[in-house]
Amino acid sequence: MDNLSILIVDDEKITAFYLKDILTAANYEVHLAQNGEEALEQLGARKFSLIITDLVMPGIDGFALVRKVKQIQPDLPVFILTAHGSYDVARKAQTIGADDYLLKPVNPDQLHAALAKTFEKGTRGKTGPLAKLGESGYASQNIIGASEQMAEVFRVIDKARHSRGHVLIRGESGTGKELVARAIYSAELAVAGTGFVIVNCCAISEGLIESELFGHAKGAFSGAVADREGLFEVADNGTIFLDEIGDIPLRSQTKLLRILQEGEFRRVGENKVRHVNVRVIAATNRNLEEAIKQGGFREDLYYRLNVIPIQLPPLRSRIVDVPLLVRHFLAKHQKRSVTKVGVTDEALELLTHYAYPGNIRELENIIQRAISFAKGAHISKAEVEAYLKSGSSHQAPPLVVALDKQTYPTLKSHLRKIERDFVMAKLKTSGWSVSDAAKVMEITRTALHNKMKKLGINSKEMRQTGEGADGKGGAGLARTG
Ligand SMILES: Nc1ncnc2c1ncn2[C@@H]1O[C@H](COP(=O)(O)OP(=O)(O)OP(=O)(O)O)[C@@H](O)[C@H]1O
Ligand SMILES: [Mg+2]
């Protein structure tokens, strides 16, 4: 299967190469042109699936290029790239026929979202790189989740497993960062048979981290009794997982950047330049943007790592997954028991109303404890209550109610509320078109109609009351951030 090919037109090398990294990692074939003239030449020579062009360039500028392209190949999608996001630029881009526009510095998530939208429109039913993305295959990796947020996570994992692009996994403590890193690697292992090295950056003292990562020469410091290879050398041609990357000292960040950029490094106390080819999966629960502002994290390193970003949602934002996870952990921790403990509906309902500051790890701890101390065949509401109240499942015990318990007292009503919000959101962004929303949700029109009836949603009414006024615009060029 041929990859979709994208032409990037920009005279600014930094942006062009950054985009190229991101797109290559996502298995697109990428070509570069430095200006409008060069772009038109390349356009005459080969077929592209998409053009991404800068706005301000010497000679033929971005707007002029869009006009020309739309004259020659009206079906070829073109995105405009601009540092000046404003309503005027957006409107002008739209009136001359650009398909979307992206703000600099480009956020990879938005880029992928825009690409998905564009290519899914054009290739629905055909097979393209986007057609085969799905959540199949993850049961074996033990990553559980049926929420919309997790579906997106699975999509990106799938993308990451087919590429060697660096991955940056973000998320609160206990959201599954390590689990996801392992999932990406084990999929990769099956393909390439390469090594995987795990480094917990916060567990290594500042003085030792460089020697650990890059190795050292004999006598480089007291205690360096022999030459030693670093973990990057161990991981050569494979993958290194840098957990808690936010804790890496600035000085070592510079060395890390060089190894990512050039594949070059020196062992501590040695002059010889060595080379490796390593894919980095990094994870952190820190706010890196804030750390960059404070001068604690290098911005260029951040961009280097953030080629494939994975944001893990906190559990409280995807409470629909709680019942699935509970079932999963009940099975996981009772594999060898003859009599298996279950959970009552009331206990499950209570579990869906908790905010989980410790996320999935906390839920797992609760279930684990409840199993070992369960008095009957089922974990009862009172038992769950005791764990939530005592805070024994997490060091910081604030019991925060995730959703208003008065209004949605039962599990059923709670889930119904979540489902209704979801369907409403999809309808709204589809401009209240039932067929469009059904397509997005990958269910049939009839199924959606039935669901709407069940949930008490009337799309005609919604459209008339003007609720959808901003819905239509959201589908095209209205994005600002
Ligand atoms: N989606 C999931 N499905 C099943 N189990 C999960 C999921 N996410 C996390 N877990 C489990 O929760 C626990 C915590 O996950 P993990 O160690 O990957 O979190 P983390 O994000 O690395 O946390 P920290 O920031 O504290 O290091 C693990 O036992 C893991 O197996
Ligand atoms: Mg971790």
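For ligands, and for the atoms within them, numbers begin at 1 and follow the listed sequence.
No donor-acceptor distance shorter than 3.5 angstrom exists from the side chain of Ser337 to the backbone of Lys340, with no hydrogens or angles considered. In terms of modelled atom types and a separation under 3.5 Å, the side chain of Gln149 and the main chain of Ser317 share a donor-acceptor contact. With Glu346 contributing its side chain and Ala382 its backbone, the two residues share no donor-acceptor pair below 3.5 Å.
His328 meets the side-chain hydrogen bond (donor to acceptor under 3.5 Å, both in side chains) test with no other residue; sequence neighbours excluded.
For atom 16 (P) of ligand 1, the nearest non-hydrogen atom from the set Ala283, Gly174, Gly176, Gly145 belongs to Gly176.
With hydrogens left out, the protein atom closest to atom 7 (C) of ligand 1 is Leu179 CD2, 3.4 Å, a heavy atom. Protein heavy atom at the shortest distance from atom 17 (O) of ligand 1 is Arg361 NH2, 3.2 Å. Summary of contacts: the protein heavy atom closest to atom 4 (C) of ligand 1 is Asn142 O, 3.2 Å. Atom 8 (N) of ligand 1 has as its closest protein heavy atom Ile360 CD1, 3.3 Å. The protein heavy-atom contact nearest to atom 26 (O) of ligand 1 is Ser173 OG, 2.7 Å.
With a 4.0 Å cut-off on non-hydrogen atoms, Val180 does not touch ligand 1 at all. Contact annotation for Ile144 and ligand 1: heavy atoms of both the backbone and the side chain come within less than 4.0 Å of the ligand.
Against a heavy-atom cut-off of under 4.0 Å, Asn285 is close to the following atoms of ligand 1: 25 (O). Near Glu178, meaning under 4.0 Å from any of its heavy atoms, are these atoms of ligand 1: 18 (O), 22 (O). Here is the list of ligand 1 atoms found below 4.0 Å of a heavy atom in Ile143: 1 (N), 3 (N). Listed by number with element, the atoms of ligand 1 under 4.0 angstrom from any heavy atom of Phe329 are 5 (N). Close contacts between ligand 1 and Glu244 involve ligand atoms 27 (O) [criterion: under 4.0 Å to a heavy atom].
Side-chain atoms of Met150 and Pro313, non-hydrogen and from C-beta on, do get closer than 4.5 Å to each other.
A salt bridge links Glu172 and Arg316; the closest N-O separation between the charged side-chain nitrogens and carboxylate oxygens is under 4.0 Å. Checked for salt-bridge contact, Arg182 and Glu178 meet the test: a charged N lies under 4.0 Å from a carboxylate O. Residues Arg361 and Glu364 are not paired through a salt bridge, judged by the lack of any N-O separation under 4.0 Å between the basic side chain and the carboxylate.
For the pair Glu364 and ligand 1, the shortest N or O to N or O distance falls below 3.5 Å. Ligand 1 has a nitrogen or oxygen under 3.5 angstrom from a nitrogen or oxygen of Lys177.
In this structure, Asp243 falls outside the shell of residues with a heavy atom less than 4.0 angstrom from ligand 1.
Leu23 pairs with exactly one of Leu111, Leu50, Leu4, Val307 by the side-chain contact (heavy atoms from CB on, under 4.5 Å) rule, that one being Leu111.
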Considering only distance and modelled atom types, tabulate donor-acceptor pairs under 3.5 Å from the side chains of residues 262-269, sequence neighbours left out.
{"residue": "Glu264", "atom": "OE1", "partner": "Arg258", "partner atom": "NH2", "Å": "2.8"}
{"residue": "Arg266", "atom": "NE", "partner": "Asn271", "partner atom": "O", "Å": "2.7"}
{"residue": "Arg267", "atom": "NE", "partner": "Glu233", "partner atom": "OE2", "Å": "3.2"}
{"residue": "Arg267", "atom": "NH2", "partner": "Glu233", "partner atom": "OE1", "Å": "2.8"}

